[in-house]
Amino acid sequence: MSFFVTFPDGTRAEFERAAAASEALSGRVRPADLVACKIDGRVSDLARRIDSDCSLEPVLKGSAEALDVLRHSVSHVMAGVVLGMFPGGKTAIGPAIQTGFYYDFDLPRPLTEDDLAEIERRMAEVLRTSASFRREELAPAKAREMFRDQPFKIELIDDILKDDPKAAISIYTHDGFTDLCAGPHVASTSVIPAEGIKILSIAGAYWRGDERRQMLQRVYGTAFFSADDLKAHLDRLAEIERRDHRKLGKELDLFSIHQDLGPGLVLWHPAGAVIRREIERFWVDEHVRRGYETVYSPHIASERIYERSGHLEAYSDMMYAPMDIDGQKYRAKPMNCPGHITIFQNRRRSYRELPMRLAELGTVYRYERSGVLHGMLRVRGFTQDDAHIFCSRAQLRQEIYGVLDLFDAMMKVFGYSCKVYLATRPEKYIGTDEEWDFATGTLRKALEDRGSAFEVDEGGGVFYAPKIDLKMLDALGREWQGPTCQVDLNLPVRFDLNFVNAEGRDERAVMVHRTVLGSMERFVGGLIEHYAGAFPLWISPVQAVIVPVTKRQLAYAGEAASAMKAKGLRVKVDDRSEKVGFKIRELTIQKVPYVFVAGEREEKAGTLSVRTYHRGDEGAAPIGDCVSRLAAEVESKSLPQSS
RNA sequence: GCUGCAGUAGCUCAGCGGCAGAGCACUUCCUUGGUAAGGAAGAGGCCAUGGGUUCAAGCCCCAUCUGCAGCUCCA
């Protein structure tokens, strides 16, 4: 009873008797690169026995699957070590994740930083021996018996058995530590390089992610096949920290958040306000150019409007408590749509007025739980770059084109590339199937017509709307929530949004919600990290500083500054009695894009020595050239060379 | 909200029961210099807040507030 194994190159080999996957692969790959295998596409142990026809593929170092197997195995090694340090400790789960792995424990005391070092030390010890990972399959009763002191494991076993009462329970043992685990694992700890491992942090995590259940201690770590890969990862973490908008925000004096003012409420300092103002100015210009009209709506509104919109019912948890005004309940505005709808509803609308595009940089207030607040990225008061388009069904597709064009244009200016998603009907939804089909179909058609590459996020829509979501990729390749465009199937009904069509009859209006930047807070916070604080010239708080070499050039520096200011540039003269080197250092730390040195030589020649943040000393140029160079760079909104 | 950790000068941090500290920033003075730190002096504090323990608390204990990491959540 022989069988055939098919390899990725298409060759087939006949086997007379059952063999371990590693044996079947021997001679086909370098043993040192072999981490695991795929049997019929499923990642498996190398020791897994093959006894029937199948396809077999090696999983080699360098592949994502190999890294997962490695990390999962390292999490077991860590768990073994932690239990060695805390006999009687309970283990929960310990999977590989995108950036490493973690393991959740219930331990007699909280872990400390020192414990992490100790864990790492003991792991290195374990890895010095070469212990094999052994898989066994147990009958349910036996598995229960084996894990009788491990309540989390028992719960997992029960769950497995709920699906299949006769399931074999697989366990893995290495170095005397046995864990309930589906696998697969590396064949032996000798595959794991101690110098590729780092235990990173401790944090709380709910058992099974359920906030009503026990809080466990989660230990995060990461693992790579080489010290170089680990270093690259740690360097990246350091770079992320270096770019942290909270840190840069403080260093560059852009914004602050104060206990006395309240958590989640941002104060924009003058420098940060320049960035925001320039972006808002650009935003308004761009919208007006594209046929939007700007509006303003108040920060508080009678509760009645939110009753009607349904927000009060669905999202009251995120709305601030009502305030009593002349016996009426008012609420801080949590979203702009009711205001815009009210403007649309103000009188009967004719089809001739459509599409009506109402845009507002509207400030809203939402209650966010204290634990989720994060610098400018997650706050309780923020300004959305919001717009609502009221149009007819016939106009919808054209409007979506316009929105997508706007998204592209604005993302390009900031240097973000985007991934596009079409989020379709979720399980819970309102509205009719016909409406959903129309709305989703129109979005899909618009994307297809433009030839944009997009993925479908099946069921990812909101309960009242399908949407197009853009995820922005920043300079570090991280994803950020980007522009979004929703076709609302709810509010037009709730508010009975109609217009008089060409036949003189009422027709239901279609409503589109869309935002490009999201919120000024989150967007600018993200931009700080995207640019690492070195902003493109057009939004730089200070665009240029003129540094006189001695006080004899103060007047000349002033003249140069005036020439720049006349062109609307944000320029300062650094007139402090410090050396040039000192000023350059400080201005560089402040990431000023242009520093112009004005000494005796420059004054005689009517020039300035140009120094840019990204390229350093560029030599002298006439004042007029400097001015026009900066003016042109502002006008074109050029991106910094380095990002 | 939950678990853990933290809160000392504007910033970054040291001090861990016994006189409140450093560097940078700030002010003044000297220095007028050529592409990432010239020198000196000075000023700056209810050690997050409220209780408690102690002869004595920045330090130990409790509570609250705020921040950080993660979890959960995010129309």
Side-chain angles (χ1 to χ4, degrees), chain A residues 97 102 104 106-107 109-113 115 200-220 241 244 246-247 250-251 253 256-264 306 309-319 334-337 364 366-375 377-380 382 384 461-465 467 481 484 486 488 490-491 513 515 518-519 522 547-554 575-590 595-602 609-613 616-620:
Chain A
I97 53 175
Y102 66 80
D104 287 347
D106 178 23
L107 301 173
R109 67 162 172 85
L111 291 169
T112 65
E113 289 291 317
D115 292 327
L200 293 168
S201 59
I202 322 145
Y206 300 108
W207 168 232
R208 311 206 105 177
D210 185 338
E211 66 178 316
R212 290 164 307 199
R213 305 200 63 178
Q214 188 180 352
M215 178 67 73
L216 303 169
Q217 294 196 66
R218 174 170 297 180
V219 181
Y220 281 94
E241 199 176 324
D244 191 306
R246 293 165 299 181
K247 187 178 153 79
K250 205 175 266 181
E251 286 170 7
D253 199 12
S256 60
I257 294 166
H258 290 269
Q259 189 171 339
D260 294 344
L261 203 77
Y306 302 116
S309 69
H311 290 109
L312 203 58
E313 190 191 347
Y315 308 112
S316 62
D317 285 355
M318 304 208 70
M319 293 171 65
M335 74 295 301
N336 301 303
C337 10
V364 297
R366 299 179 186 178
Y367 173 72
E368 297 278 5
R369 298 212 280 175
S370 62
V372 307
L373 300 174
H374 183 88
L377 301 182
R378 194 78 181 270
V379 293
R380 287 178 173 165
F382 55 94
Q384 284 185 306
V462 212
F463 72 91
Y464 60 81
K467 56 179 181 171
Q481 176 62 51
T484 178
Q486 310 175 344
D488 193 326
N490 177 39
L491 292 177
H513 305 246
T515 171
S519 84
R522 181 176 287 191
V547 175
V549 175
T550 75
K551 61 185 171 196
R552 288 189 299 280
Q553 287 87 41
L554 266 178
D575 58 2
R576 295 174 301 172
S577 77
E578 296 289 352
K579 291 189 170 185
V580 174
F582 177 89
K583 293 183 186 177
I584 300 255
R585 171 184 154 79
E586 213 165 72
L587 296 169
T588 304
I589 289 169
Q590 285 298 306
V595 173
F596 294 107
V597 177
E600 202 177 337
R601 291 199 295 273
E602 288 79 6
S609 256
V610 183
R611 185 190 171 87
T612 68
Y613 177 78
D617 193 348
E618 293 187 1

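Note on naming: letters A, B, ... go to the chains in the order of the sequence lines (proteins, then strands), and numbering restarts at 1 for each one. Because the structure is predicted, anything quoted here is derived from the model rather than measured.
Contact annotation for Lys250(A): backbone-only contact, meaning every heavy-atom pair under 4.0 Å involves sugar-phosphate atoms and none involves a base. Using a 4.0 Å heavy-atom distance criterion, Val462(A) is classed as a sugar-phosphate-only contact. Among the heavy atoms of the strands lying under 4.0 Å from Gly209(A) are primed sugar atoms or P, OP1, OP2 only; no base atom is included. Heavy atoms of Gln217(A) sit nowhere under 4.0 angstrom from any nucleic acid atom. Within the nucleic acid shown, Tyr102(A) has no heavy atom closer than 4.0 Å to any nucleic acid atom. At a threshold of 4.0 angstrom between heavy atoms, the contacts of Gln486(A) are confined to the sugar-phosphate backbone, with no base atom among them. Across all strands shown, Thr112(A) has no heavy atoms under 4.0 Å from either base or sugar-phosphate atoms. Note on Glu602(A): a base of the nucleic acid sits closer than 4.0 angstrom, heavy atoms only. Contact annotation for Gly581(A): backbone-only contact, meaning every heavy-atom pair under 4.0 Å involves sugar-phosphate atoms and none involves a base. Residue contacts for Arg246(A): at a heavy-atom cut-off of 4.0 Å it reaches the sugar-phosphate backbone alone, with no base atom in range.
The partner of rU32(B), taking Watson-Crick or G-U wobble pairs whose two distances both stay under 3.5 Å, does not exist in any strand shown. Nucleotide rC60(B): paired with rG52(B) (Watson-Crick or G-U wobble, both distances less than 3.5 Å). Within the shown strands, rC68(B) is the pairing partner of rG4(B) under the Watson-Crick or G-U definition, both distances less than 3.5 Å. Nucleotide rA20(B) is matched to nothing when pairs are restricted to Watson-Crick or G-U wobble geometry with both distances under 3.5 angstrom. In this structure rU27(B) sits in a base pair with rA41(B), meeting the Watson-Crick or G-U test at under 3.5 Å. rC74(B) makes up no base pair with any nucleotide shown, lacking Watson-Crick or G-U wobble contacts both under 3.5 Å.
Atom CD1 in Ile202(A) sits roughly 13 Å away from atom C1' in rA6(B) (whole-Å rounding). Between Asp260(A) atom CG and rG7(B) atom P the separation is 19 Å, expressed in whole Å. Arg218(A) places its CZ atom 11 Å from the P atom of rG70(B), with the value rounded to the nearest Å. What separates CZ of Phe463(A) from C1' of rC74(B) is a distance of 14 Å, to the nearest Å. Atoms OH (Tyr220(A)) and C1' (rC5(B)) sit 16 Å apart, rounded to a whole Å. Asp115(A) has its CG atom 13 Å from the C1' atom of rC5(B), to the nearest Å. Across the protein-nucleic acid pair, Asp210(A) atom CG and rC2(B) atom P stand 15 Å apart, rounded to whole Å. Atom CG of Leu373(A) is separated from atom C1' of rC68(B) by 12 Å (rounded to the nearest Å).
Each of rG67(B), rC71(B), rC30(B) was ranked by its minimum atom distance to the side chain of Pro263(A); first place goes to rG67(B). For Val372(A), the side-chain atoms get nearest to rU72(B) when compared with the rest of rC30(B), rU72(B), rG4(B). The side chain of Glu600(A) sits closest to rG34(B) out of rG34(B), rG1(B), rU32(B). Considering only side-chain atoms of Arg552(A), the nucleotide from rG34(B), rU32(B), rA25(B) that sits closest is rU32(B). In this structure, of rA75(B), rU35(B), rG70(B), it is rU35(B) that holds the atom nearest to the side chain of Val597(A). With rU12(B), rG1(B), rA75(B) as the choices, the nucleotide that has an atom nearest any side-chain atom of His311(A) turns out to be rA75(B). Picking from rA25(B), rC2(B), rC73(B) the nucleotide with the shortest atom distance to the side chain of Tyr206(A) gives rC2(B). Nearest nucleotide to the side chain of Arg611(A), out of rA69(B), rA36(B), rU32(B): rA36(B).
Residues Gln486(A) and Val462(A) approach most closely at NE2-CG2, 3.5 Å, considering heavy atoms.
A donor-acceptor distance shorter than 3.5 angstrom exists from the side chain of Glu602(A) to the backbone of Gly599(A), with no hydrogens or angles considered. Although no hydrogens or angles enter the test, the distance criterion places no donor-acceptor pair under 3.5 Å between the side chain of Glu313(A) and the main chain of Gly310(A).
Two residues are said to be in side-chain contact when any heavy atoms from C-beta on lie closer than 4.5 Å; Leu491(A) and His513(A) meet this criterion.
Look at the P atom in both rC59(B) and rC47(B): the space between them is 10 Å, to the nearest Å. Annotation: rC19(B) and rG58(B) have their P atoms spaced 10 Å apart (nearest Å). Nucleotides rU54(B) and rG17(B) have their C1' atoms positioned 9 Å apart, rounded to a whole Å. One C1' atom belongs to rA20(B), the other to rA9(B), and the distance between them is 10 Å to the nearest Å. rG44(B) sits 13 Å from rG21(B) when the C1' atoms are compared, rounded to a whole Å. Between the C1' atoms of rG38(B) and rU31(B), the separation comes to 7 Å (whole Å). Distance noted for atom C1' between rA6(B) and rC16(B): 15 Å (whole Å). Of the P atoms belonging to rC24(B) and rU66(B), the separation is 35 Å, rounded to the nearest Å.
A close approach under 4.0 Å does not occur between any side-chain nitrogen or oxygen of His374(A) and OP1 or OP2 of rC74(B).
Between Lys551(A) and Arg213(A), it is Arg213(A) whose nearest contact on RNA chain B lies nearer the 5' terminus. Position along RNA chain B of the nearest nucleotide to Arg601(A) versus Gln259(A) favours Arg601(A) as the more 5'-ward residue.
The local environment of CD in Glu251(A) is crowded, with over 12 non-hydrogen atoms from other residues, nucleotides or ligands closer than 6.0 Å. More than 12 heavy atoms of other residues, nucleotides or ligands lie within 6.0 Å of CZ in Arg213(A), so this atom counts as buried by the packing criterion.
Side-chain to base pairing of Arg378(A) with rC73(B): one donor and one acceptor N or O lie within less than 3.5 Å of each other. Looking at Ser577(A), its side chain comes within 3.5 Å of the base of rU31(B) through a donor and an acceptor atom.
By the 5.5 Å and 30° criteria, Tyr315(A) is stacked with the base of rA75(B).
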Does the pair Arg366(A) and Met335(A) meet the rule for a side-chain contact (heavy atoms from CB on, under 4.5 Å), with working shown?
CA-CA 9 Å; Arg366(A) 299 179 186 178; Met335(A) 74 295 301; 4.1 Å; yes

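Ion pair Asp244(A)/Arg246(A) flagged as a salt bridge, since at least one NZ, NE, NH1 or NH2 atom sits closer than 4.0 Å to an Asp/Glu carboxylate oxygen.
Note: Tyr315(A) and Phe463(A) have tilted aromatic rings, judged against thresholds of 30 and 60 degrees for the angle between ring planes.
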